Asks: 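To start, I am sharing the structure in question, which I have written as structure tokens.
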Amino acid sequence: VQLQASGGGLVQAGGSLRLSCSASGSILSINDMGWYRQTPGKQRELLATITRGGDTNYEDSVKGRFTIARDNAKNTMYLQMNSLKPEDTAVYYCNADILSVRGKLERKTYWGQGTQVTVSS
């Protein structure tokens, strides 16, 4: 099983980006998924989570600007980021609680490799 994050880049303050996180492999189901970010010298910060059924939660600093969504048929999660600020600059990571088959059933949390988001002022 692999998680692949993509969609990062350089954007001006006030702009938008859409991140994607795709899961591949011998997946039976994906439960909770989430987006995190990390800047140098700081702990990884939880931004938003989404359940398989679509229930969402957001960290206060991104509430109203970021929207998390998922497409269960495509095993893909998204993060629409609007009204970006320079302080949103970070490496963004996705994770997912995945039930897979590797000879036997296995439930494990996987992390994507991270995608850089840079917001210029």
Side-chain angles (χ1 to χ4, degrees):
V1 175
Q2 288 188 326
L3 280 185
Q4 180 77 34
S6 61
L10 173 64
V11 65
Q12 288 189 332
S16 298
L17 280 175
R18 188 195 195 205
L19 305 183
S20 297
C21 175
S22 296
S24 60
S26 301
I27 297 168
L28 292 180
S29 66
I30 302 177
N31 302 305
D32 292 355
M33 304 181 79
W35 285 101
Y36 293 71
R37 67 186 177 192
Q38 189 170 23
T39 54
K42 293 189 177 181
Q43 288 190 335
R44 196 166 292 187
E45 173 189 23
L46 174 62
L47 300 177
T49 60
I50 185 166
T51 66
R52 182 170 179 80
D55 292 330
T56 60
N57 275 293
Y58 297 91
E59 193 270 332
D60 285 346
S61 68
V62 304
K63 202 174 292 184
R65 299 189 299 125
F66 292 7
T67 302
I68 190 171
R70 63 190 285 175
D71 184 333
N72 291 331
K74 296 181 178 179
N75 289 337
T76 300
M77 173 179 63
Y78 307 96
L79 186 68
Q80 177 67 43
M81 305 186 295
N82 298 329
S83 302
L84 282 162
K85 305 174 182 179
E87 51 263 44
D88 293 318
T89 295
V91 178
Y92 284 68
Y93 297 90
C94 59
N95 83 348
D97 178 12
I98 297 176
L99 180 65
S100 63
V101 177
R102 297 178 62 184
K104 61 178 181 179
L105 289 177
E106 180 179 67
R107 182 173 179 174
K108 182 180 172 182
T109 297
Y110 292 86
W111 286 89
Q113 84 287 5
T115 184
Q116 176 71 46
V117 172
T118 302
V119 184
S120 63
S121 56

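Note that the structure is a prediction, hence the values are computed from the model and not measured. We're numbering straight along the sequence, starting at 1.
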Asks: Rounded to the nearest 0.5 Å, what separation is found between the CG atom of N31 and the CE atom of M33?
Replies: 10.0 Å

Asks: What pairs of residues pass the disulfide (SG to SG under 2.5 Å) test when at least one of them lies in residues 22-77, not counting sequence neighbours?
Replies: none

Asks: Can you run down the disulfide (SG to SG under 2.5 Å) pairs that involve residues 29-81, sequence neighbours left out, and say none if there aren't any?
Replies: none

Asks: Listed by chain and number, what are the side chain to side chain donor-acceptor pair (under 3.5 Å) partners of T39, not counting sequence neighbours?
Replies: none

Asks: Hydrophobic cluster membership, with links at side-chain heavy-atom distances under 4.5 Å among I/L/V/M/F/W/Y: are V11 and L79 in one?
Replies: yes

Asks: Would E59 and F66 count as a side-chain contact (heavy atoms from CB on, under 4.5 Å) here? Give the steps.
Replies: CA-CA 10 Å; E59 193 270 332; F66 292 7; over 6 Å; no

Asks: Strictly below 4.0 Å, N to O, side chains only: are K63 and D60 in salt-bridge contact?
Replies: yes

Asks: Tell me, yes or no, whether the heavy-atom count around R52 atom CZ, taken from other residues, nucleotides or ligands under 6.0 Å, exceeds 12.
Replies: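 Correct, the count exceeds 12.
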
Asks: Taking a hydrophobic cluster as the set of Ile, Leu, Val, Met, Phe, Trp and Tyr residues connected by side-chain heavy atoms closer than 4.5 Å, whether directly or through intermediates, do I27 and L99 fall within one such cluster?
Replies: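 Each belongs to a different hydrophobic cluster.
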
Asks: Could you tell me which residues satisfy side chain to side chain donor-acceptor pair (under 3.5 Å) with T67, sequence neighbours excluded, listed by chain and number?
Replies: none

Asks: Using every non-hydrogen atom in the two residues, find where E106 and Y110 come nearest and quote the distance to one decimal.
Replies: OE1-OH, 3.5 Å

Asks: Between P86 and A13, which heavy-atom pair has the shortest distance, and what is it?
Replies: CD-CB, 4.1 Å

Asks: Quick one: do L3 and I30 end up in the same hydrophobic cluster if we chain Ile, Leu, Val, Met, Phe, Trp and Tyr together by side-chain heavy atoms under 4.5 Å apart?
Replies: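 Yes, because L3 and I30 connect within a single hydrophobic cluster, where side-chain heavy atoms sit under 4.5 Å apart.
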
Asks: Could you give all pairs that pass the salt bridge (charged side-chain N to carboxylate O under 4.0 Å, His left out) test and reach residues 21-34, with sequence neighbours left out?
Replies: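 The answer is none; no pair qualifies.
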
Asks: Kindly write out the residues that satisfy ring pair (Phe, Tyr, Trp, His ring centres under 6.0 Å) with Y36, not counting sequence neighbours, or none if the list is empty.
Replies: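 Per chain and number, Y36 pairs via ring pair (Phe, Tyr, Trp, His ring centres under 6.0 Å) with W111.
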
Asks: Kindly state each residue pair satisfying disulfide (SG to SG under 2.5 Å) with at least one member in residues 44-93, sequence neighbours excluded.
Replies: none

Asks: Is there a path of hydrophobic side-chain contacts, each under 4.5 Å between heavy atoms of I, L, V, M, F, W or Y residues, that connects Y92 with V62?
Replies: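 Same hydrophobic cluster.
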
Asks: Do any N or O atoms from the side chain of Y58 and from the backbone of I68 form a donor-acceptor pair under 3.5 angstrom?
Replies: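 A pair under 3.5 Å: yes.
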
Asks: With clusters defined by side-chain heavy atoms of hydrophobic residues (ILVMFWY) lying less than 4.5 Å apart, directly or transitively, does L19 cluster with L84?
Replies: yes

Asks: Can you pull the disulfide (SG to SG under 2.5 Å) pairs that have at least one residue in residues 59-102, sequence neighbours excluded?
Replies: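 Checked against disulfide (SG to SG under 2.5 Å) - neighbours excluded - the pairs reaching residues 59-102 are C21-C94.
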
Asks: Taking side chain to side chain donor-acceptor pair (under 3.5 Å) as the cut-off, I'd like each qualifying pair that reaches into residues 17-27, sequence neighbours left out, listed once.
Replies: S22-T76

Asks: Can you check side-chain contact (heavy atoms from CB on, under 4.5 Å) on K108 and V1, steps first, answer last?
Replies: CA-CA 10 Å; K108 182 180 172 182; V1 175; over 6 Å; no

Asks: Considering only distance and modelled atom types, tabulate donor-acceptor pairs under 3.5 Å from the side chains of residues 42-51, sequence neighbours left out.
Replies:
residue, atom, partner, partner atom, Å
R44, NE, Q38, OE1, 3.3
R44, NH2, Q38, OE1, 3.4
E45, OE1, R37, NE, 3.0
T51, OG1, G53, N, 3.4
T51, OG1, G54, N, 3.2
T51, OG1, D55, N, 3.0

Asks: List the atom pairs, donor and acceptor, that lie under 3.5 Å between side-chain atoms in residues 114-121 and the rest of the protein, sequence neighbours left out.
Replies:
residue, atom, partner, partner atom, Å
T115, OG1, G8, N, 3.1
Q116, NE2, A90, O, 3.4
Q116, NE2, T118, OG1, 3.3

Asks: Return yes when atom CD of Q2 has more than 12 non-hydrogen atoms of other residues, nucleotides or ligands closer than 6.0 Å, and no otherwise.
Replies: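 Incorrect, the count does not exceed 12.
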
Asks: Partners of R70 by side chain to side chain donor-acceptor pair (under 3.5 Å), sequence neighbours excluded?
Replies: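 Scan of R70 (side chain to side chain donor-acceptor pair (under 3.5 Å), adjacent residues dropped) gives N72.
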
Asks: For Q113 and Y93, which heavy atoms make the closest approach, and how far apart are they?
Replies: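 Scanning both residues, the minimum pair turns out to be O-CE2, 3.6 Å.
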
